[in-house]
Amino acid sequence: MPRRVEAQVVVIGGGPAGMAAALSSFENGARPVFLLERGKYLGGILNQCIHTGFGLHYFGEELTGPEYAEHFVEQLEKTQVEIFLDTTVLEITEDRIVRAVNPAGVWEFYAENVVLGMGCRERTRGMLRIPGHRPAGVFTAGLAQYLVNVEGYLPGKEIVILGSGDIGLIMARRLALEGACVKAVVEIKHSLSGLLRNYVQCLLDFDIPLLLSHTVTKILGRDRVEGVLISRVDDRGQIVSGSEQYVECDTVLLSVGLIPENDLSKKAGIPLCPFTGGPFVDEYFSCDKAGFFACGNVVAVFDLVDYVTMVSTMVGRAIRINPWERKPVRHMLVPASGVSHVIPQRIREGREGFLFIRSQHAFRDAVLSFSFEGREFQAVSVPLCYPSEMVKMNMWDISWPSEEGEIQVSIRGKRVHGIG
Amino acid sequence: MEKVFDVIIIGGGIVGCAVAWYLSHFDLEVLLLERESDVCCGVSKANTGIIHSQSYWTPYTLKGELHLRSLALFPQVEAELSLHFLKTGALTVAFTREEAAFLRILKERGAIPGAEIIGPMESNEIEPSLSPRVFACYYDPETRVVSPFAMTLALAEFAALNGVSFVFDEEVMEFEGGDKFIKVLGRNDCYLGRRVVNCTGLSATKLAQKSHDAVPSHRLFRGQYFVLDRECDSLVRHVLYPVPTVESKGILVSPTPEGNILVGPNFEPVDEEDTATTFQGLKEVEEGARRLVPSLPLEQTITTFSGLRPTLPERDFRIFFSSSFPGLLHLCGIESPGITASLGIAEYVGEKLKDSGITLWEKRVSPRTAFPVFRNCSFEERERLIVENPDWGKIICRCEEVTLAEVKHAFFGPIPASTLDGLKRRVRVMAGRCQGGFCGMYLPIIMMQELHRGVKEILKSGRGSFYFLGKIEDVVQDNAQTC
């Protein structure tokens with residue numbers, strides 16, 4: 001029969017979010033705390049990110065992914081958080097029974113609190129419907145990163161990267177460093193999808209061309225990729241006929257977006273936000289269903305791991321408080337013009353924690369505006385904002401209205417085309 | 001003296017494997033030659049996997065006759081192969097009074113108890129996402145769906161367990177005649193057979209022409225498909241057919257036994273063996289399917305693919321002995337309903353061989369037992385499996401919940417997987433919503449370890465489909481001046 005375990009906190013996922021949430025739960029007095037990770041090591045995707053740039057905000061220094069992870073692994077070792085590696089959660093029920101398997105057997109955790117920290121997954125070729133044959137040599141950028149950085153294999157020699165997301169940019173540099181030829185990074189939008197610093201450090205410094213407003217319209221080759229057709233895209237996102245050009249390559253990397261991985265959340269009946277793909281959360285990252293928390297990329301894809309750590313530590317503080325005694329939700333944040341999403345979507349007190357806003361477009365001289373019942377109650381000027389870089393604010397810097405209700409968050413400013 | 005086989009089957013698609021399954025019930029020496037490194041790599045790989053009921057047979061044709069014969073053999077196959085056919089039932093959807101006339105034909109043709117013609121209200125009740133513009137539907141309770149891979153593989157495994165030999169990576173180039181047997185010349189080797197059965201799908205007419213038989217070339221009609229995420233599994237419960245045209249059964253929306261929704265195929269002529277998908281083709285499928293299910297969530301697509309129908313001008317199967325090589329049996333024009341009819345075809349081939357002087361002595365056969373599928377097991381069963389073998393507790397593919405035990409088994413079954421696509425067809429790794437984004441990290445490495453293969457021998461499917469270029473340090477050496 002399955003092994004039955006009682007737990008005050010069960011954290012699912014041993015990446016940056018899960019590690020920080022488990023630590024903060026333990027530090028705030030929760031006992032026992034379990035951290036379940038399907039991989040052989042803690043750290044999640046950080047382990048394959050051997051480039052630097054992690055920790056600037058949180059530690060004030062540039063670390064590699066494994067170094068950033070190591071800090072939290074060491075902290076966890078000093079606690080009695082029980083870590084289960086090689087353990088895959090298959091099911092979470094609405095009443096917080098977490099069913100997992102590992103080589104020892106089937107486990108059933110009866111949890112007072114469940115913390116979702118499953119991260120995200122990559123968008124695939126199928127989701128984009130890129131036509132053509134289905135040869136070997138089409139990889140998502142994150143998969144290629146694992147194969148190169150962790151296992152030490154080179155996927156190919158002549159590479160076209162679709163999408164200018166951060167992993168794609170970083171992989172362009174990585175493959176160039178290993179002697180592969182990166183022919184182009186192709187981006188369907190007319191602005192960059194990744195961080196500006198990655199454009200400079202990964203493409204400009206390595207003379208790798210970036211084609212904005214272009215996309216891959218066919219993958220050629222039956223057994224292995226032999227080339228791609230690249231076409232121009234107009235302002236309305238339509239492919240410009242006759243603009244296609246053939247580029248020979250043996251590998252296509254896709255860096256076309258990340259999706260919060262919420263299969264388990266859905267099974268547990270947790271309400272999800274249509275704008276982020278993750279659970280609705282409040283400033284403590286508790287979900288709309290009592291006893292459930294969610295943090296990190298499972299909520300919405302963050303652009304910096306430092307932010308993930310910051311939000312995940314909020315969980316521990318909230319777990320201290322009995323969910324039934326927690327303040328009721330006072331405000332609902334809704335994205336309005338110029339904004340693609342706002343995290344968190346629920347505000348109870350608005351005194352602790354952070355607000356993250358992702359813009360829809362690149363804007364110059366922008367104003368971030370908060371309104372309540374059609375009346376703007378706060379406006380913050382933002383010199384430059386990009387869809388790829390979240391705007392972060394402290395909760396206490398916002399003068400929340402005293403009445404409860406819906407708050408609209410919008411951004412207005414001059415649209416920026418190109419890199420900016 | 002070289003070995004002489006009683007029967008050599010060329011082609012390891014659904015038909016070749018069904019013939020192998022059928023013949024393995026008799027005391028015969030049977031060999032199956034396949035060009036690819038696995039079964040189910042050609043026409044059979046890309047289709048809807050529907051076992052069409054007797055309502056959908058085509059009267060006055062050989063394909064219709066074999067369709068009906070086949071249906072009678074399914075219970076035997078289910079028991080012998082421990083293979084599951086999902087009984088979904090089907091709705092044929094008419095949008096106009098004129099179209100509805102055809103529904104009566106289906107009802108009469110099938111004479112199936114429980115089948116009936118129903119109105120829009122009732123249709124909507126049993127299939128809520130069906131278009132509100134429906135005029136009437138024919139409800140058929142007997143239609144089933146199967147995974148074409150699972151069925152082909154199960155037939156092949158049964159045949160292998162019961163004595164049929166399989167040779168992969170062997171393309172047949174030519175035949176040479178003899179008094180008592182035919183010499184089959186392959187790319188690598190030659191084989192002697194008293195009878196030879198040409199089940200090569202798309203290549204069947206080419207091979208027949210090479211043996212100097214007068215048969216028109218296949219015309220190729222491509223069909224493109226979408227596969228939707230398993231999250232959409234409650235969207236449709238029945239196979240949804242439009243009223244067919246003279247050309248094809250039309251663009252369907254169908255559940256699969258794995259819980260995905262399959263959408264397609266269109267019907268477009270192509271000049272060569274081109275199985276690429278196209279913008280236009282997929283668009284056509286989208287429009288066709290939305291007529292049936294307007295709310296079809298195509299944003300939940302996990303992959304698209306296309307397949308080819310090898311058709312003859314008469315739009316029927318043509319099964320005949322060669323005039324140049326007596327004993328060489330050609331199976332040409334095996335298009336839809338090829339999977340449904342496959343067992344009937346096999347039985348028919350058996351009779352043809354018997355008529356030509358091959359004695360069919362029945363022998364005792366051992367059934368094939370299916371390997372457990374972790375995802376379908378209860379938690380109690382899972383616990384038992386893991387205690388027996390800890391590999392069951394190691395999930396390799398998170399989307400489809402496939403364990404290391406299942407992956408390893410796929411490498412060592414009666415018809416072992418030798419490529420990544422072979423693994424996919426057997427245990428559904430890389431077939432889920434991440435399409436290999438996660439398990440693609442582990443599978444090539446597991447494969448190298450289990451099969452003692454080198455880095456460059458890890459293939460997706462065909463010979464040139466290498467997964468890696470090589471170990472970084474090796475590649476960097478000879479790569480220094482690429483750019």
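Predicted model only: the values in this text are computed from it and were never measured. Proteins get letters first, then strands, A, B, ... in listed order; numbering begins at 1 in each. Heavy-atom basis, side chains included; hydrogens, waters and symmetry copies ignored.
Only the side chain of A:Ile239 comes within contact range of chain B, with heavy atoms under 4.5 Å apart. For a residue to count as touching a neighbouring chain, one of its non-hydrogen atoms must lie under 4.5 Å from one of that chain's; by this rule B:Gln280 does not touch chain A. Residue contact with chain A, scored on non-hydrogen atoms closer than 4.5 Å, is absent for B:Leu420. Looking at A:Val225, there are no atoms closer than 4.5 Å to chain B (heavy atoms on both sides), in backbone or side chain. Proximity to chain B (any heavy atom under 4.5 Å) is restricted, for A:Arg222, to the side chain, taken from C-beta onward. Looking at B:Arg375, neither its backbone nor its side chain comes within 4.5 Å of chain A, counting heavy atoms on both sides. Proximity to chain B is limited to the side chain of A:Tyr146, based on heavy atoms less than 4.5 angstrom apart. At a 4.5 Å heavy-atom cutoff, A:Gln145 makes no contact with chain B through either its backbone or its side chain. Proximity to chain B (any heavy atom under 4.5 Å) is shown, for A:Thr87, by neither the backbone nor the side chain. When heavy atoms are compared at a cutoff of 4.5 Å, A:Lys183 does not approach chain B at all. With a 4.5 Å cut-off on non-hydrogen atoms, A:Ala104 touches chain B through its backbone but not through its side chain. Residue B:Asp274 touches chain A through both its backbone and its side chain, counting heavy-atom pairs closer than 4.5 Å.
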Practice problem: Any chance you could lay out the side-chain contact (heavy atoms from CB on, under 4.5 Å) test for A:Glu108 and B:Phe379, step after step, and finish with the verdict? | Solution: CA-CA 10 Å; A:Glu108 277 184 346; B:Phe379 278 97; 5.5 Å; no
Practice problem: Output, in order, the C-alpha distance, side-chain angles, deciding distance and verdict of side-chain contact (heavy atoms from CB on, under 4.5 Å) for A:Met127 and B:Gln300. | Solution: CA-CA 7 Å; A:Met127 300 177 79; B:Gln300 300 253 49; over 6 Å; no
Exercise. Kindly indicate, with the supporting measurements, whether the criterion salt bridge (charged side-chain N to carboxylate O under 4.0 Å, His left out) is fulfilled by B:Arg433 and A:Asp263.
Key: CA-CA 11 Å; B:Arg433 67 172 61 96; A:Asp263 314 346; 2.7 Å; yes
Self-check item: side-chain contact (heavy atoms from CB on, under 4.5 Å) between B:Ile445 and A:Glu151, worked out
Solution: CA-CA 9 Å; B:Ile445 287 112; A:Glu151 298 291 344; 3.6 Å; yes
Quiz item: Given A:Val101 and B:Lys394, is the side-chain contact (heavy atoms from CB on, under 4.5 Å) satisfied, shown in steps?
Solution: CA-CA 7 Å; A:Val101 294; B:Lys394 181 81 193 136; over 6 Å; no
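Contact count against chain A (heavy-atom pairs under 4.5 Å) is highest for B:Phe226 among B:Tyr442, B:Trp392, B:Phe226. Counting heavy-atom pairs under 4.5 Å between each of B:Cys434, B:Gly437, B:Gly470, B:Gly440 and chain A puts B:Gly470 at the top. Put simply, of A:Thr217, A:Val150, A:Thr251, A:Ile130, the one with the most heavy-atom pairs under 4.5 Å next to chain B is A:Thr217. Ranked by heavy-atom pairs under 4.5 Å with chain B, the first of A:Pro103, A:Ala176, A:Ala144 is A:Pro103. Counting heavy-atom pairs closer than 4.5 Å to chain A, the top-ranked of the candidates B:Glu273, B:Arg463, B:Gln224 is B:Glu273. Among A:Gly132, A:Ala136, A:Gly137, the residue with the largest count of heavy-atom pairs under 4.5 Å with chain B is A:Gly132. Comparing A:Gly152, A:Pro155, A:Ala100, A:Gly221 by heavy-atom pairs within less than 4.5 Å of chain B, the highest count is held by A:Gly152.
You'll find the side chain of B:Tyr467 reaches within 4.5 Å of the side chain of A:Leu147, heavy atoms only. Taking the side chain as every heavy atom from C-beta outward, A:Arg134 and B:Thr303 approach each other to under 4.5 Å.
Other residues, nucleotides and ligands contribute over 12 non-hydrogen atoms within 6.0 Å of the CZ atom of B:Arg230. Around the CG atom of B:Asp271, the shell of radius 6.0 Å holds no more than 12 heavy atoms that belong to other residues, nucleotides or ligands. Atom CZ of A:Phe206 is surrounded by more than 12 heavy atoms from other residues, nucleotides or ligands within 6.0 Å.
For the residue pair A:Thr124 and B:Ile302, the shortest heavy atom distance occurs at OG1-O, 4.1 Å. Shown here for A:Asn102 and B:Ile386, the closest heavy-atom pair between the two residues is O-CG2, 3.5 Å. Of all non-hydrogen atoms in A:Cys120 and B:Phe438, the two that sit nearest each other are O-CZ, 3.8 Å. Between B:Thr301 and A:Gly126, the shortest heavy-atom contact is CG2-O, 3.6 Å. Between A:Leu154 and B:Ile472 the shortest heavy-atom distance is N-CG1, 3.9 Å. Shown here for A:Leu90 and B:Glu401, the closest heavy-atom pair between the two residues is CD2-CD, 3.6 Å.
Under 4.0 Å is where a charged nitrogen must lie from a carboxylate oxygen, and between A:Arg129 and B:Glu299 no such pair does.
Note that CE of B:Met448 is 3.5 Å distant from OH of A:Tyr153, once rounded to the nearest 0.5 Å. Here the CZ-CE distance, from A:Phe139 to B:Met441, works out to 12.0 Å after rounding to the nearest 0.5 Å.
Counting only distance, with no hydrogens or angles, the side chain of A:Arg224 and the backbone of B:Phe466 share a donor-acceptor pair below 3.5 Å.
Residues satisfying the salt bridge (Lys or Arg N to Asp or Glu O under 4.0 Å) test with A:Glu261, not counting sequence neighbours, are A:Arg38, A:Arg121, B:Arg398.
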